[in-house]
Novice: 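Can you keep this structure in mind? I'll have questions shortly.
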Amino acid sequence: QVQLVESGGGLVQAGGSLRLSCAASGGTVRFYPMGWFRQTPGKEREFVSAINWSGGDTLYANSVKGRFTISRDNAKNTVYLQMNSLKPEDTAVYYCAVCTSRYASLVLDPERYDYWGQGTQVTVSS
């Protein structure tokens, strides 16, 4: 069973940057699409970004396009989310997830993801 552990969250001022990491263990994720989601209290989990198995295809929510970059290092079994020009509205718990459908394309629907990390808090102050 795959376990995902996010790291890199924290408190940052508006306009600043953070880099989130999601390390997988218990199995390889190199063949699977992965994604980042975020959630704030009282709201549903929101899609942020997705990446296909090879890293050659990516997708972003309109709210983060041009500011966030998703990438992966399959040799390290890790996916990243580089977040630049952060805004207070980016404040949330960020989760990574993996869809264990081998070689599947980009996945936006959280229901299609099979394993989730525990989340990492990102707080952006104004």
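Side chains are part of it too, since the values below use all heavy atoms of this structure and drop only hydrogens, waters and symmetry mates.
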Novice: Name all pairs fulfilling the ring-ring contact (aromatic ring centres under 6.0 Å, His included) condition that reach into residues 50-71, sequence neighbours left out, sorted by first residue then second.
Specialist: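 Found Trp53-Tyr103.
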Novice: Let me confirm one number: the OG1-CZ distance from Thr78 to Arg30, rounded to the nearest 0.5 Å.
Specialist: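 Reported to 0.5 Å precision, the distance equals 12.0 Å.
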Novice: Using the test side-chain hydrogen bond (donor to acceptor under 3.5 Å, both in side chains), find all partners of Thr100 that sit at least two apart in sequence or belong to another chain.
Specialist: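 Thr100: side-chain hydrogen bond (donor to acceptor under 3.5 Å, both in side chains) contacts with Asp114.
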Novice: Going by disulfide bond (SG atoms under 2.5 Å apart), name the pairs with one or both residues in residues 60-104, residues two or more places apart or in two chains.
Specialist: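 Those involving residues 60-104 are Cys22-Cys96.
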Novice: Pair Val122, Met83 - check side-chain contact (heavy atoms from CB on, under 4.5 Å), show working.
Specialist: CA-CA 10 Å; Val122 171; Met83 306 187 296; 3.8 Å; yes
Novice: Taking the side chain as C-beta and beyond, is there a heavy-atom pair between Val48 and Leu81 under 4.5 Å?
Specialist: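 Side chain of Val48 against side chain of Leu81, heavy atoms only: contact under 4.5 Å found.
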Novice: Can you check whether Tyr32 reaches Val2 side chain to side chain, under 4.5 Å on heavy atoms?
Specialist: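 In short, these two side chains do not touch, never coming nearer than 4.5 Å.
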Novice: My understanding is that only residues two or more places apart in sequence, or in another chain, count here; which of them pass ring pair (Phe, Tyr, Trp, His ring centres under 6.0 Å) with Tyr95?
Specialist: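 In terms of ring pair (Phe, Tyr, Trp, His ring centres under 6.0 Å), with neighbours along the sequence ignored, Tyr95 is linked to no residue.
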Novice: Between Asn52 (side chain) and Gly55 (backbone), is there a donor-acceptor pair under 3.5 Å?
Specialist: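 Yes, the answer is positive, given that a donor and an acceptor are paired below the 3.5 Å cut-off.
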Novice: Indicate the atoms forming the closest heavy-atom contact of Leu18 with Leu86, along with that distance.
Specialist: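 For Leu18 and Leu86, the tightest heavy-atom pair comes out as N-CD1, 3.8 Å.
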Novice: Specify the closest pair of heavy atoms between Trp36 and Leu20, including all atoms of both residues, with the distance to one decimal.
Specialist: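 Heavy atoms only, the tightest pair is CH2-CB, 3.7 Å.
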Novice: Can you give me the closest heavy-atom contact between Ser126 and Pro88, atom names plus distance?
Specialist: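 Shortest heavy-atom separation between Ser126 and Pro88 comes out as CB-CG, 3.8 Å.
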Novice: Same hydrophobic cluster for Leu59 and Val79, using side-chain heavy-atom links shorter than 4.5 Å among ILVMFWY?
Specialist: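 No, separate clusters.
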Novice: A side-chain contact here means heavy atoms from C-beta on lying under 4.5 Å apart; do Val29 and Arg72 qualify?
Specialist: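 Yes, at least one pair of side-chain atoms sits under 4.5 Å.
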Novice: Can you check whether Val5 reaches Gln118 side chain to side chain, under 4.5 Å on heavy atoms?
Specialist: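 Yes, close enough: below the 4.5 Å cut-off.
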Novice: Which residues pass the side-chain hydrogen bond (donor to acceptor under 3.5 Å, both in side chains) test with Ser71, sequence neighbours left out?
Specialist: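 If we apply the side-chain hydrogen bond (donor to acceptor under 3.5 Å, both in side chains) test to Ser71, skipping adjacent residues, there are no hits.
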Novice: What is the minimum heavy-atom distance between Ala104 and Arg112, and which atoms define it?
Specialist: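 Reported closest heavy-atom pair: CB-NH2, 4.4 Å.
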Novice: Would you please name every residue forming a ring pair (Phe, Tyr, Trp, His ring centres under 6.0 Å) with Tyr94, sequence neighbours left out?
Specialist: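 Once residues adjacent in sequence are excluded, Tyr94 has no partner under the ring pair (Phe, Tyr, Trp, His ring centres under 6.0 Å) criterion.
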Novice: Let me confirm one number: the NZ-OG1 distance from Lys65 to Thr58, rounded to the nearest 0.5 Å.
Specialist: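 If we round to the nearest 0.5 Å, Lys65:NZ and Thr58:OG1 are 10.0 Å apart.
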Novice: With sequence neighbours excluded, tell me which residues meet salt bridge (Lys or Arg N to Asp or Glu O under 4.0 Å) with Arg67.
Specialist: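 Expected list: Asp90.
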Novice: Mind checking whether Gln82 and Ile70 have side chains closer than 4.5 Å, heavy atoms only?
Specialist: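 The answer is no, as the side chains (C-beta and beyond) never meet within the 4.5 Å cut-off.
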Novice: If a pair satisfies side-chain hydrogen bond (donor to acceptor under 3.5 Å, both in side chains) and one of its residues is in residues 10-23, list it, with sequence neighbours excluded.
Specialist: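 Listed by first then second residue: Ser17-Asn84.
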Novice: Listed by chain and number, what are the side-chain hydrogen bond (donor to acceptor under 3.5 Å, both in side chains) partners of Asp57, not counting sequence neighbours?
Specialist: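 Counting only residues at least two positions away or on another chain, Asp57 forms no side-chain hydrogen bond (donor to acceptor under 3.5 Å, both in side chains).
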Novice: Are Tyr113 and Leu106 connected into the same hydrophobic cluster when the rule is that any two of I, L, V, M, F, W, Y join if their side-chain heavy atoms are below 4.5 Å apart?
Specialist: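 Yes; Tyr113 is reachable from Leu106 via cluster members.
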Novice: If you group Ile, Leu, Val, Met, Phe, Trp and Tyr by side-chain heavy-atom gaps below 4.5 Å, do Ile51 and Leu4 land in one group?
Specialist: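 As far as the 4.5 Å side-chain criterion goes, Leu4 and Ile51 are connected within one cluster.
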Novice: Which pairs pass disulfide bond (SG atoms under 2.5 Å apart) with one or both residues in residues 44-86, sequence neighbours excluded?
Specialist: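 Listed once each, the pairs would be none.
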Novice: I'd like to check Val93 versus Thr120 (side-chain heavy atoms, cut-off strictly below 4.5 Å). Are they in contact?
Specialist: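 Not touching, per the 4.5 Å side-chain cut-off.
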Novice: Tyr80: which residues meet the ring pair (Phe, Tyr, Trp, His ring centres under 6.0 Å) condition with it, sequence neighbours left out?
Specialist: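 By the ring pair (Phe, Tyr, Trp, His ring centres under 6.0 Å) rule, Tyr80 matches no residue at all.
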Novice: Is the closest side-chain donor-acceptor distance between Thr123 and Gln121 under 3.5 Å?
Specialist: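 A pair is found: one side chain offers a donor N or O, the other an acceptor, under 3.5 Å apart.
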Novice: Return the set of residues passing salt bridge (Lys or Arg N to Asp or Glu O under 4.0 Å) with Glu46 (not counting sequence neighbours), or none when no residue passes.
Specialist: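 Checked Glu46 against salt bridge (Lys or Arg N to Asp or Glu O under 4.0 Å); matches are Arg38.
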Novice: Would you say the ring centroid of Phe37 lies under 6.0 angstrom from that of Trp116?
Specialist: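 Yes, the ring of Phe37 comes within the 6.0 Å limit of the ring of Trp116, centre to centre.
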